[in-house]
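Notes to accompany the following structure.
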Amino acid sequence: MEMRVTKASAKQIGVSITTGQSSAQEVVEEHIARIDKVNPRLNAVVERCSERALEEAKTVDEEVSKGELKGPLHGVPMTLKDSLDTEGVVTTWGTLGRKGFVPNKDATLVRRLRRAGAILLGKTNTPELTLAADTDNLVYGRTANPYNDQLSPGGSSGGAAAIIASGGSAFDIGSDTGGSIRIPSHSCGIAGIKPTSGRVPRTGHCISYALGATESLTQNGPMARRVEDLFPILQVISGPDFVDPAIIPMPLRDPEGVRIEDLRVAFHTDNGLMTPTPEIQDAVSKIAITLEDIGADVTEIRPDAIKMLEEIDSRNSTGDGRASVRRILERAGTKKYSPFIENRLAEASEMKTGEFTEVLELVDSYRSQMIGFMENFDMILCPSSAKAAIGPGEAFLPENKFLYSYTSAFNVTGWPAGVVRGGSTSDGLPFAVQVVGRPWREDVVLAGLAVIESDTGGWQPPEL
């Protein structure tokens, strides 16, 4: 059973439980066993709640036997990024000030998932305050990539991506401020989506809605082995909670209603800031041909405004001298910071108010030009990164400055963007391609990802 369940999609697992083909207890036990097997090598799951998970699985089995079904996630085992508060389970945000901290309530989306019947197995590793494209911190240490343990799984949702890819969890919820769902999903060959800014409440997440000018950069979204899992998870976690003031009650459309042949697709293999490897460029070009063969109107073109990222260059998030980050650290009680946080604090110089508002005007100009580009297109197809998985700390090297500009470009716009495995390198590392949609059109993104997954095969298990 282990090989079947721990390679199955969350949707398949849910159907198996609710139809009585498998018991929730059996499924949870298999996932616990899988974590026991792979986690010593990965250090992906950093806190466990196995006994509680088994008790909840028994409850699910009783509910199913009575016909009390809660939906497609009923009984499905999940892990959750350590940046999300979980009642009764240690949540550190990867910072020493919260080492051993146990929240007394769940984050909004955690509460929603648990009410939908999903079962928490444990928490997954993240860099301190989620602020890096690598996964390492002073509380738990480094997480390894399951396809090559000498490489990084990406970040900041690196622990989530590593354990999903390895079969220890059916799904997780990542957070994405510059690519933190899409970068680890790319590095570990799984699927993930950053929804539109304003779709999913951030209440109970370490980087919440209370960040003023930069609040729209951060969104929580699902990560899973298969694209078919992303929509039902989004359905559960989306919508206002009347705490996060930026959440809008926009309908979430079903990707089943999208006709690929009706779409206008723009694609580019190079954003002009950092040229991807030939393997990644070839994969994007081949997928563009696949979409065209289906009947989509495909044009090779990139938004001119993307070059403005070089001028923006995170100045919108560092213009306060990282004062907002210092406030989070202070509230957490952290006195000793990880090296990368030390560097981020040291390199951020505080701007004068007039200079900072000028940067914000530049961001608005970028957003205006980007949405103007989308007047003629429904979807953008492009790389998710210029390289496959890289080594620990290499994301901070000068030559990799714009490595993840392919993802951050769409945090600044706030648009929905997802990734799925597009192929593998000659030495067996997975890499993803990215699909981007107009605001509130997660359905178009998910439909595009499904086509790519069908074409490339999607997730492929690591040899662990």
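- In summary, R202 and D244 engage in a salt bridge, as defined by a charged side-chain N under 4.0 Å from a carboxylate O.
- Side-chain atoms of E300 never come within 3.5 Å of backbone atoms of F267 as a donor-acceptor pair (strictly under, hydrogens ignored).
- Here the closest non-hydrogen pair linking N137 and G94 is CB-O, 3.4 Å.
- Remark: the T135 side chain and the N125 side chain contain no N/O donor-acceptor pair separated by less than 3.5 Å.
- The side-chain heavy atoms of M78 and R114, taken from C-beta on, include a pair separated by under 4.5 Å.
- In this structure, D136 and T143 have side chains that are not in contact, with every pair of non-hydrogen atoms separated by 4.5 Å or more.
- The shortest distance between side-chain heavy atoms of R48 and D36 falls below 4.5 Å.
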Starting from the C-alpha separation in whole Å, work towards a yes-or-no answer on salt bridge (Lys or Arg N to Asp or Glu O under 4.0 Å) for R315 and D313.
-> CA-CA 5 Å; R315 292 165 67 207; D313 191 27; over 6 Å; no

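- Between the OG1 atom of T124 and the OH atom of Y140 there is a distance of 10.5 Å, given to the nearest 0.5 Å.
- Counting heavy atoms of neighbouring residues, nucleotides and ligands inside a 6.0 Å radius, atom CD of E261 exceeds 12 of them.
- Under the 4.0 Å criterion applied to side-chain N and carboxylate O atoms, D364 and R367 are assigned as salt-bridge partners.
- Side-chain atoms of E311 and Y366 form no donor-acceptor pair, as typed in the model, at a separation below 3.5 Å.
- With sequence neighbours excluded, no residue satisfies side-chain hydrogen bond (donor to acceptor under 3.5 Å, both in side chains) with N39.
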Evaluation steps, salt bridge (Lys or Arg N to Asp or Glu O under 4.0 Å), between D378 and R264 = CA-CA 5 Å; D378 305 296; R264 299 164 299 169; 3.3 Å; yes

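- Within 6.0 Å of NZ on K387 lie more than 12 heavy atoms contributed by other residues, nucleotides or ligands.
- Closest approach of A165 to P462, counting heavy atoms only: O-CD, 3.2 Å.
- The cationic atom of R225 (NZ for Lys, CZ for Arg) lies less than 6.0 Å from the six-membered ring centre of W459 and within 45° of the ring axis.
- A side-chain donor from one of T79 and D172 sits under 3.5 Å from a side-chain acceptor of the other.
- Formation of a donor-acceptor pair under 3.5 Å by the S187 side chain with backbone atoms of I183 is found in this model.
- For F340, there are no ring pair (Phe, Tyr, Trp, His ring centres under 6.0 Å) partners two or more places apart in sequence or in a different chain.
- S216 and S197 form no side-chain donor-acceptor contact under 3.5 Å, judged by distance and modelled atom types alone.
- Under the 3.5 Å distance criterion, the side-chain polar atoms of N271 are matched with a main-chain donor or acceptor of M274.
- When side chains are defined from C-beta on, T95 does not count as touching V139, because their heavy atoms never get closer than 4.5 Å.
- Taking 4.5 Å as the limit, some side-chain heavy atom of I173 sits within range of a side-chain heavy atom of L113.
- Applying side-chain contact (heavy atoms from CB on, under 4.5 Å) to D106 and the options L120, T86, V89 leaves one that passes, T86.
- Side-chain contact between L381 and I452 is present, with at least one heavy-atom pair separated by less than 4.5 Å.
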Going through the checks in order, is the side-chain hydrogen bond (donor to acceptor under 3.5 Å, both in side chains) test met by T425 and E279?
-> CA-CA 7 Å; T425 65; E279 291 167 312; 5.0 Å; no

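- Ion pairing of R4 with E30 is absent here, as no side-chain N (NZ or NE/NH1/NH2) approaches a carboxylate O to less than 4.0 Å.
- By the 4.5 Å heavy-atom criterion applied to side chains, V325 and I328 are not counted as neighbours.
- With rounding to the nearest 0.5 Å, the separation of OH in Y147 from OG in S424 is 8.0 Å.
- In this structure D149 satisfies the side-chain hydrogen bond (donor to acceptor under 3.5 Å, both in side chains) test together with R41, sequence neighbours excluded.
- Residue Q219 comes nearest to P195 through the heavy atom pair CG-O, 3.7 Å, listed as atom of the first residue, atom of the second, then distance.
- Note: N148 CG to E463 CD = 11.5 Å, rounded to the nearest 0.5 Å.
- Within 6.0 Å of CD in E399 there are more than 12 heavy atoms belonging to other residues, nucleotides or ligands.
- When all heavy atoms of P255 and L446 are compared, the closest pair comes out as CB-CB, 3.8 Å.
- In the model, K81 has a side-chain atom that pairs as donor or acceptor with a side-chain atom of S175 under 3.5 Å.
- For the 3.5 Å distance criterion, the side chains of S83 and T130 fail to qualify, holding no donor opposite an acceptor.
- Side-chain N or O atoms of D176 include one that pairs as donor or acceptor with a backbone N or O of G179 at under 3.5 Å.
- No side-chain N or O of T91 forms a donor-acceptor pair with one of D82 less than 3.5 Å apart.
- No side-chain donor-acceptor contact under 3.5 Å links N411 to the backbone of T218.
- A side-chain donor-acceptor contact under 3.5 Å links S365 and Q369.
- Looking at heavy atoms from C-beta onward, L131 lies in side-chain contact with I207 at the 4.5 angstrom threshold.
- Put simply, the side chain of K7 never gets that close to the backbone of S166: no donor and acceptor are under 3.5 Å apart.
- When all heavy atoms are compared, the tightest approach of G221 to I181 is N-CD1, 3.3 Å.
- With sequence neighbours left out, F396 forms a ring pair (Phe, Tyr, Trp, His ring centres under 6.0 Å) with no residue at all.
- Under a 3.5 Å cut-off, the side chain of R438 and the backbone N or O of E375 do form a donor-acceptor pair.
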Just do the side-chain contact (heavy atoms from CB on, under 4.5 Å) check on M370 and W415 with the steps written out, would you?
-> CA-CA 10 Å; M370 289 290 281; W415 302 348; 3.6 Å; yes

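- A salt bridge links R199 to E442: one of the charged nitrogens lies within less than 4.0 Å of a carboxylate oxygen.
- Side chains of D270 and T275: a donor on one and an acceptor on the other come within 3.5 Å.
- Interatomic distance, R112 CZ to L73 CG, rounded to the nearest 0.5 Å: 13.5 Å.
- Environment of CD in E256: sparse, with no more than 12 heavy atoms of neighbouring residues, nucleotides or ligands closer than 6.0 Å.
- In terms of modelled atom types and a separation under 3.5 Å, the side chain of S157 and the main chain of S180 share a donor-acceptor contact.
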Apply side-chain hydrogen bond (donor to acceptor under 3.5 Å, both in side chains) to the pair T269 and Q281, showing each step before the final yes or no.
-> CA-CA 5 Å; T269 62; Q281 293 190 74; 3.3 Å; yes

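- A donor-acceptor distance shorter than 3.5 angstrom exists from the side chain of E128 to the backbone of S338, with no hydrogens or angles considered.
- Proximity of a side-chain donor or acceptor of S314 to a complementary backbone N or O of S317 within less than 3.5 Å is not detected.
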Scan the side chains in residues 428-435 for donor-acceptor partners under 3.5 Å anywhere in the protein, sequence neighbours excluded, and list what turns up.
from, atom 1, to, atom 2, distance (Å)
Q434, OE1, R182, NH1, 2.8
Q434, NE2, P383, O, 3.2
Q434, NE2, Y406, O, 2.8

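- Every residue two or more places apart in sequence or in another chain that forms a side-chain hydrogen bond (donor to acceptor under 3.5 Å, both in side chains) with D134 is listed here: R142, S152.
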